[in-house]
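Naming: A, B, ... by sequence-line order, numbering from 1 per chain.
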Number of protein chains: 2
Amino acid sequence: MLELAILGFLYDAPLHGYVLRRHIAALTGHVRPVAESTLYPAIKRLEKAGLLVRATEPGAVAAPRHVLTLTDAGGRELMRRLAEPAQREITDENHWFTLLAFLRHLADPAAQAAVLRRRLAFLEEPASFFYDGDRPLSAEELDDPFRRGVLTIARATSRAELAWLRDTLASLDGVGR
Amino acid sequence: MLELAILGFLYDAPLHGYVLRRHIAALTGHVRPVAESTLYPAIKRLEKAGLLVRATEPGAVAAPRHVLTLTDAGGRELMRRLAEPAQREITDENHWFTLLAFLRHLADPAAQAAVLRRRLAFLEEPASFFYDGDRPLSAEELDDPFRRGVLTIARATSRAELAWLRDTLASLDGVGR
DNA sequence: ACGCTATACATCGTTGCCGAGGTATTGTGT
DNA sequence: ACACAATACCTCGGCAACGATGTATAGCGT
């Protein structure tokens, strides 16, 4: 998730670590803050894998900056991660939102639509959080107001997302033809 | 999150690892599956910390079962984790839903309400995923249909949750008086 | 007779993430 | 003069999570 965000932001423009960090904080920081001690090692991993290169530049205000630029391999890796996300990226909202934030980089509308259809398939599966044996329980069947809340919120989210998915898929299909 | 779920389920009734695993899979598995190799070490950690004890019992069908029972310290730790969740448990939906699934165990309505109010405060902060400088961008201002989707879905979730939070807080306050 | 699935638990090595702490420099408030 | 915040990067120890793999037993279909 973090690596995807790094690749995604660098695809737009070369950045140095500090600015990259602020970009990531703006994107997902209110939900899941990213520690510096997580970001810098992640950058190193990507550099070691040849997905980005760094160029040292005299710091504008303070210490020298390491400007990070995506390599060709990095660009290809981003495309691969966007086009063939692991199942976790589809099902976990945190991961999914990060993927959506960069899905526009995937130039092919058909490839974009394929990813959205995977999410659609996931949302259309009858799944709950609470069961009576194998039968999913609905909000109305629960006495616990907090568990009822979980289902109420999840249902609202699901509805909004299904509507958006169908809309967006329709317009992507329109472009494809 | 995983440890909270273990403590939460065991508070209801002693269980052995295998059944516990199926309970957890039902609760959060469709979004974030839990590997066996994550669950068993987590159980060991909790046992080592004195939060649960295990009793070996001949297996009903297969290998002997280790029936897990919450200790008094385990019960107290559950209450502490429910009443004083880390900020991450409040902001990250995955964590928050797990917390909500067990919040009923916290007997005091005032303590439950205090937790809900922390989530309310978080949701009332003006936060977006995308910014123009410091100004949060609304869905309408985005050209990118995927980023627009993120905001559309997040807004629907937020609305539904705010309504539910206010409702539930009102009825909890009613009980308190 | 044989394989498959389900039950039931466990270890191992690798990766990923975090908090705490460290090293500098520049600009701002008091 | 001095503290503090912001900029800019880094290391270390520890923990948590994962996939792969191993060890059994019971029951079912073919």
Side-chain angles (χ1 to χ4, degrees), chain A residues 1-7 14-26 28-29 31-49 51-68 81 86-89 91-92 94-95 98 134, chain B residues 1-7 14-26 28-29 31-49 51-68 81 86-89 91-92 94-95 98 134:
Chain A
M1 209 177 92
L2 177 58
E3 294 185 2
L4 183 65
I6 296 173
L7 297 174
L15 295 171
H16 61 274
Y18 197 80
V19 171
L20 186 56
R21 203 194 159 208
R22 281 200 280 106
H23 277 60
I24 293 169
T28 55
V31 168
R32 179 182 273 269
V34 172
E36 274 181 76
S37 52
T38 305
L39 177 63
Y40 287 112
I43 291 172
K44 279 202 174 166
R45 278 201 304 278
L46 297 176
E47 190 192 11
K48 210 173 159 188
L51 305 183
L52 57 84
V53 288
R54 62 172 87 194
T56 306
E57 207 179 67
V61 231
R65 295 166 167 181
H66 293 185
V67 176
L68 311 169
R81 291 191 193 208
Q87 194 56 19
R88 175 73 120 267
E89 319 287 320
T91 61
D92 188 325
N94 293 151
H95 290 247
T98 305
D134 278 339
Chain B
M1 209 179 91
L2 176 59
E3 294 185 1
L4 183 65
I6 295 172
L7 298 174
L15 294 171
H16 61 274
Y18 197 80
V19 171
L20 185 56
R21 204 193 158 207
R22 281 198 281 105
H23 277 61
I24 292 170
T28 55
V31 167
R32 181 181 271 268
V34 172
E36 273 181 79
S37 52
T38 304
L39 176 63
Y40 287 113
I43 290 171
K44 278 201 174 168
R45 278 201 302 280
L46 297 177
E47 190 192 11
K48 210 172 158 188
L51 306 182
L52 57 84
V53 288
R54 63 172 87 194
T56 306
E57 206 178 69
V61 229
R65 295 164 167 181
H66 293 186
V67 176
L68 311 170
R81 291 191 194 207
Q87 193 56 18
R88 176 74 120 266
E89 319 286 320
T91 62
D92 188 326
N94 293 153
H95 291 245
T98 305
D134 277 341

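- OP1 or OP2 of C:dG16 has at least one side-chain nitrogen or oxygen of A:Arg45 nearer than 4.0 Å.
- As judged by a 4.0 angstrom heavy-atom cut-off over every strand, A:Arg21 is placed among residues making no nucleic acid contact.
- Distance NE2 (B:His23) to P (C:dT7): 13 Å, rounded to an integer number of Å.
- The CZ-P distance, from B:Arg65 to D:dT23, rounds to 24 Å in whole Å.
- The main-chain N or O of A:Thr91 is never found under 3.5 Å from a side-chain atom of A:His95 such that the two would form a donor-acceptor pair.
- Residue A:Arg32 is classed as having no contact, given no heavy-atom separation below 4.0 Å to the nucleic acid.
- Put simply, CD on A:Glu47 is 12 Å from P on D:dC9, counting in whole angstrom units.
- A residue-by-residue look at A:Pro33 and B:Val67 shows that B:Val67 has its nearest nucleotide of DNA chain C further toward the 5' end.
- Nearest to the side-chain atoms of A:His16 among the listed nucleotides D:dC9, D:dA16, C:dC17 stands D:dC9.
- The side chain of A:Tyr40 lies closest to D:dC10 when the candidates are D:dC10, D:dA17, C:dT11.
- OP1 or OP2 of C:dA10 sits under 4.0 Å from a side-chain N or O of B:Arg54.
- The nearest whole Å value for the distance from the CD1 atom in B:Ile6 to the C1' atom in D:dA17 is 13 Å.
- In terms of phosphate contacts, B:Tyr18 brings a side-chain nitrogen or oxygen within less than 4.0 Å of OP1 or OP2 of C:dT7.
- Residue A:Ser37 has its side chain nearest to C:dC18 when only C:dC18, D:dC10, C:dA8 are considered.
- We find that CD1 of B:Ile43 is positioned 12 Å from P of C:dT11, with the value rounded to whole Å.
- Under the 4.5 Å side-chain criterion, counting only non-hydrogen atoms from C-beta, B:Val53 is not in contact with B:Leu68.
- If B:Arg22 and A:Val34 are placed on DNA chain C by their nearest nucleotide, the residue sitting closer to the 5' end is B:Arg22.
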- request: Given side-chain contact (heavy atoms from CB on, under 4.5 Å), test A:Met1 with A:Arg32 step by step and report yes or no.
  value: CA-CA 11 Å; A:Met1 209 177 92; A:Arg32 179 182 273 269; 3.6 Å; yes
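- Of the side-chain N and O atoms in A:Lys44, none sit less than 4.0 angstrom from OP1 or OP2 of D:dC9.
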- request: Show your reasoning for whether salt bridge (charged side-chain N to carboxylate O under 4.0 Å, His left out) applies to B:Arg81 and B:Glu3.
  value: CA-CA 10 Å; B:Arg81 291 191 194 207; B:Glu3 294 185 1; 3.1 Å; yes
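- If you measure from atom CG of A:Leu15 to atom C1' of D:dT7, you get 15 Å, rounded to the nearest angstrom.
- Between A:Arg88 and D:dC18 there is a side-chain polar atom (N or O) within less than 4.0 angstrom of OP1 or OP2.
- At least one side-chain heavy atom of A:Leu20 sits less than 4.5 Å from a side-chain heavy atom of A:Ile43.
- In this structure, the nucleotide among C:dC18, D:dA17, C:dG16 sitting nearest to the side chain of A:Ala35 is C:dC18.
- Rounded to whole Å, atom P of D:dC18 lies 13 Å from atom CD of A:Glu89.
- Across D:dC10, C:dC17, C:dA10, the shortest atom-to-atom separation from the side chain of A:His66 is found for D:dC10.
- For the pair A:Leu39 CG and D:dC9 P, the interatomic distance rounds to 9 Å; values are reported in whole Å.
- At least one side-chain heavy atom of A:Ile6 sits less than 4.5 Å from a side-chain heavy atom of A:Leu52.
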